[in-house]
2 protein chains.
Amino acid sequence: MALGKNYDAQDCSLAKALEVIGERWTLLVVRDAMYGVRRYGDFLAHLDIPRAVLSQRLAALVEAGVLDKRRYRDSPPRDEYILTPMGHELWLPVLALAEWGGRHLTSTGPRRVFHHLTCGTRIDGAARCATCGVQVPIEEAEVRPGPGLAGTRDDPVSEALRTPHRMLHPIP
Amino acid sequence: MALGKNYDAQDCSLAKALEVIGERWTLLVVRDAMYGVRRYGDFLAHLDIPRAVLSQRLAALVEAGVLDKRRYRDSPPRDEYILTPMGHELWLPVLALAEWGGRHLTSTGPRRVFHHLTCGTRIDGAARCATCGVQVPIEEAEVRPGPGLAGTRDDPVSEALRTPHRMLHPIP
DNA sequence: TACCATGGTTCAATGAATGAACCCAAAGGG
DNA sequence: CCCTTTGGGTTCATTCATTGAACCATGGTA
């Protein structure tokens, strides 16, 4: 890809970020990981992504240091993918983008809304809690269904997110 | 693209946002527009993007309502692309992503830093001015060269950005 | 008139995405 | 002991997008 070749020539932090999370599907994988998705099969079911692409994206995110692949059972061997601290810090960009999409590209209102765990206040597109006056880290946030949620999907992830769910906590 | 097909199935604001600005090069075009790039040739020179791809991306952004194509001279006919208010609101996502890239993917520090025009304070990844305690809109921001800037490019846009430049204001 | 700049379009070759099929190891059931 | 299922992948042919070079059209300019 020319973006890769121009990496140095671009001389721009945004271009470097896009090298890591700018490919098709990648940011949706990250978003799912933020919701607490950890297993290959759950990503697959929730995203409707081709298996080969999912494998490539997970490997690339591990390589880049956004995800950590860890063995959580030996027999049979099972691995899970969880966000690293570097991955946690994608919270603000992901939230800001989703908020922009919700504001300009839907007629039914946002599909999901985010609240500050410690006070329950809804946070804005910059992750700010108006009550506490702080920028809420992903560890202190919760997703709740929003007014625009269609609720037509029936995979385990969609089911879990139909009720409030703490960010990063594993899907059942 | 499957993302397109799954548009409704995804039921997610982030997926909708990525439909508009998630393709390769698109967000870099938007970033350049934020810097004040308006002419086809300037995008071309600054991005090193294939002409066909640039044409397609500009048309798609106009179609989506992020850019406005306007005739600024009749003889010879010349058009320029400028950000709509909807485009201005990509400021936070773009800034947040660039900030993340600068924090995790460069060793030399950020290439460009952003300051609040009215007070001169540097703003953070959430566009916040610590002095004024507000979220700075793009109209009140200025780019300045950062410590990690390589300065090897010599197109008109790179030249213009080697000194402080008000966001959205046209490149000379 | 010849040349040049701007702002594109067209085209062949390459590379990535897609979706279906296949693979494999380990349980679990009978 | 055999058969099936489940999770987590890989392989492969087809389709689609990207790339880079070449071409084109319009309207100045020397």
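Below, read A as the first sequence line, B as the second, and so on, with proteins coming before strands; counting in each chain starts at 1.
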Any side-chain N or O of A:S55 below 4.0 angstrom from OP1/OP2 of D:dG9?
no
When you look at A:R153 and A:D48, which way does the salt bridge (charged side-chain N to carboxylate O under 4.0 Å, His left out) test go after all the steps?
CA-CA 11 Å; A:R153 299 186 59 90; A:D48 286 330; 3.2 Å; yes
Who passes salt bridge (Lys or Arg N to Asp or Glu O under 4.0 Å) against A:R39, sequence neighbours left out?
A:D42
Those residues that, when tested against B:T106, pass side chain to side chain donor-acceptor pair (under 3.5 Å) (two or more places apart):
none
Can you tell me how far P of D:dA17 sits from CZ of B:R57, to the nearest Å?
10 Å
State which residues pass side chain to side chain donor-acceptor pair (under 3.5 Å) with B:R71; sequence neighbours excluded, sorted by chain then number.
B:D79
Just list the side-chain donor-acceptor pairs under 3.5 Å for residues 134-151 of chain B, sequence neighbours left out, or say none.
unit_1: B:E139; atom_1: OE2; unit_2: B:H88; atom_2: ND1; d: 2.7
unit_1: B:E140; atom_1: OE1; unit_2: B:H116; atom_2: NE2; d: 3.1
unit_1: B:E142; atom_1: OE1; unit_2: B:R144; atom_2: NE; d: 2.8
unit_1: B:E142; atom_1: OE1; unit_2: B:R144; atom_2: NH2; d: 3.2
unit_1: B:R144; atom_1: NH1; unit_2: B:H115; atom_2: ND1; d: 3.4

Grab the CD-P distance between B:Q56 and D:dT19 for me, whole Å please.
11 Å
Closest heavy-atom pair and its distance - A:L14, B:L27:
CD2-O, 3.9 Å
Heavy atoms under 4.0 Å is the rule here; annotate nucleotides 25-30 of chain C 5' to 3' with B where the base is hit, S where only the sugar-phosphate is, and - elsewhere.
-SS---
Report the residues that fulfil side chain to side chain donor-acceptor pair (under 3.5 Å) with A:D68, sequence neighbours left out, ordered by chain and then residue number.
none
From C-beta outward on A:Y81, which listed nucleotide comes closest to its side chain: D:dG9, D:dT18, C:dG8?
D:dG9
What's the CD-P distance between A:E80 and D:dG7, to the nearest Å?
15 Å
Atom-to-atom span, CZ of B:R39 to C1' of C:dT6 - whole angstrom:
10 Å
Residues passing the side chain to side chain donor-acceptor pair (under 3.5 Å) test with A:E80, sequence neighbours excluded, are none
Phosphate oxygens OP1/OP2 of D:dT19: is one of them under 4.0 Å from a side-chain N or O of B:W25?
yes
For B:L44 and D:dG20, what is the distance between atoms CG and P respectively, to the nearest whole Å?
12 Å
Rounding to a whole Å, what distance do you find between A:R24:CZ and C:dT18:C1'?
10 Å
According to the side-chain hydrogen bond (donor to acceptor under 3.5 Å, both in side chains) rule, which pairs have a member within residues 161-172 of chain A, sequence neighbours left out?
A:E159-A:R162
Specify the separation, in whole Å, of atom CG of B:L54 and atom C1' of D:dT19.
14 Å
List, with names and distances, any nitrogen or oxygen atoms from the protein found under 3.5 Å away from nitrogen or oxygen atoms belonging to nucleotides 20-23 of chain C.
none

Would you give me the side-chain donor-acceptor pairs under 3.5 Å for residues 54-66 of chain B, sequence neighbours excluded?
unit_1: B:S55; atom_1: OG; unit_2: B:Y40; atom_2: OH; d: 3.1
unit_1: B:S55; atom_1: OG; unit_2: B:R51; atom_2: O; d: 3.1
unit_1: B:R57; atom_1: NE; unit_2: B:R24; atom_2: O; d: 2.9
unit_1: B:R57; atom_1: NE; unit_2: B:T26; atom_2: OG1; d: 3.3
unit_1: B:R57; atom_1: NH2; unit_2: B:R24; atom_2: O; d: 3.1

Write down the distance between CD (B:E23) and P (D:dA17), rounded to a whole number of angstrom.
9 Å
Nucleic acid contacts - residues 64-73 of chain A versus DNA chain D, non-hydrogen atoms under 4.0 Å:
A:K69, A:Y72
Under the ring pair (Phe, Tyr, Trp, His ring centres under 6.0 Å) rule, collect the residues that match up with A:Y81, sequence neighbours excluded.
none
